[in-house]
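Order of the sequence lines sets the chain letters (A, B, ...), proteins ahead of strands, with each chain counted from 1. Because the structure is predicted, anything quoted here is derived from the model rather than measured.
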Number of protein chains: 2
Amino acid sequence: MITVDKPALEDGPYILPVSDDDIDRAARSLKALSHPLRLKILCILGDQAISVQDIVEAVGTSQSNISQHLAIMRDKEILMTERKANKVFYYVRDEGTLRLIGVMREVFCTK
Amino acid sequence: MITVDKPALEDGPYILPVSDDDIDRAARSLKALSHPLRLKILCILGDQAISVQDIVEAVGTSQSNISQHLAIMRDKEILMTERKANKVFYYVRDEGTLRLIGVMREVFCTK
DNA sequence: ATACAATATTAGAATTATCTAACAAAAAAC
DNA sequence: GTTTTTTGTTAGATAATTCTAATATTGTAT
């Protein structure tokens, strides 16, 4: 049995149990990140707002494909858009996602 | 165009470009995490080693289903196993994954 | 208005993921 | 040895994902 009923105050880090709702929400968001093209888009974006055509250039696949991946991340509330003239700029919606990307860099890119 | 050719020393955080290999590796790992049951298993594990039957109890699905999800994470080098008698204990392989899980907790569970 | 540029959407084929149910393997207990 | 416990594997049906190609939409410019 897992003993998570009450905090173990002095012996080791206490890991809080996580609700199934939180789990489901996190898994949905993670799934939206876990595709090579989408991850690359996020790395290119960082904390900037970049137009679709510039993303297409930087990533290197078809405009339609990029547009679909952007839509997935916008639907999952990872990205937001801002229109300027006839261009649409995408940017990462919240600080949490940026932190996550930062940690993933450290975990996966330091070898 | 994205200007990542050289570090912008004083104006804002410089975001390093990421190789496609790193991207692919990260995406594969992330995909292994981005399923509700697998995420729940990881949250239950934390930094402990837990037997399959205890994981089955804690998660609440069939033993076969758990075994398949554990195999996926073992194949992707997220989990490792240790046999004791006729029980098999699973645990998170490296510190990086634990950090990632910690940050995900903060990002997705603080609401 | 037409033409052009940038972005979004749809359809459909191919691939991949996921589950259940049944069965196999390994180690312990008897 | 057999039986039981624990874990792993396979088969196959169903569902979800991903890509390409074609088309639609939206705003700008002329």
Give B:K84 one of three labels, base, sugar-phosphate or nothing, depending on what nucleic acid heavy atoms sit under 4.0 Å from its own.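 The residue B:K84 makes no contact with any strand.
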Where along nucleotides 2-14 of chain C does protein come under 4.0 Å, by heavy atom, of base (B) or sugar-phosphate alone (S), with - for untouched nucleotides? ----SBBBB----
Under a 4.5 Å cut-off applied to non-hydrogen side-chain atoms, are [X] and [Y] in contact?
X: A:T97; Y: A:L79; answer: no
X: B:S29; Y: A:M104; answer: no
X: A:I66; Y: A:T61; answer: yes

For [Y], is there any backbone N or O sitting under 3.5 Å from a side-chain donor or acceptor partner on [X]?
X: A:R38; Y: A:K31; answer: yes
X: A:S34; Y: A:L30; answer: yes
X: A:R25; Y: B:F108; answer: yes

Under 4.0 Å between a side-chain N or O of A:H69 and OP1 or OP2 of D:dC19?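 Yes, within the criterion.
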Need to verify one output field. Residue with the more 5' nearest nucleotide on DNA chain D, A:H35 or A:A85?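 Its nucleotide being nearer the 5' end, the pick is A:H35.
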In whole Å, I'd like the distance from the [atom1] atom of [X] to the [atom2] atom of [N].
X: A:R28; N: D:dT17; atom1: CZ; atom2: P; answer: 11 Å
X: B:D75; N: C:dA17; atom1: CG; atom2: P; answer: 12 Å
X: A:L37; N: D:dT18; atom1: CG; atom2: P; answer: 9 Å
X: A:M73; N: D:dT18; atom1: CE; atom2: P; answer: 11 Å
X: A:K40; N: D:dT18; atom1: NZ; atom2: C1'; answer: 17 Å
X: B:K31; N: D:dT18; atom1: NZ; atom2: C1'; answer: 10 Å

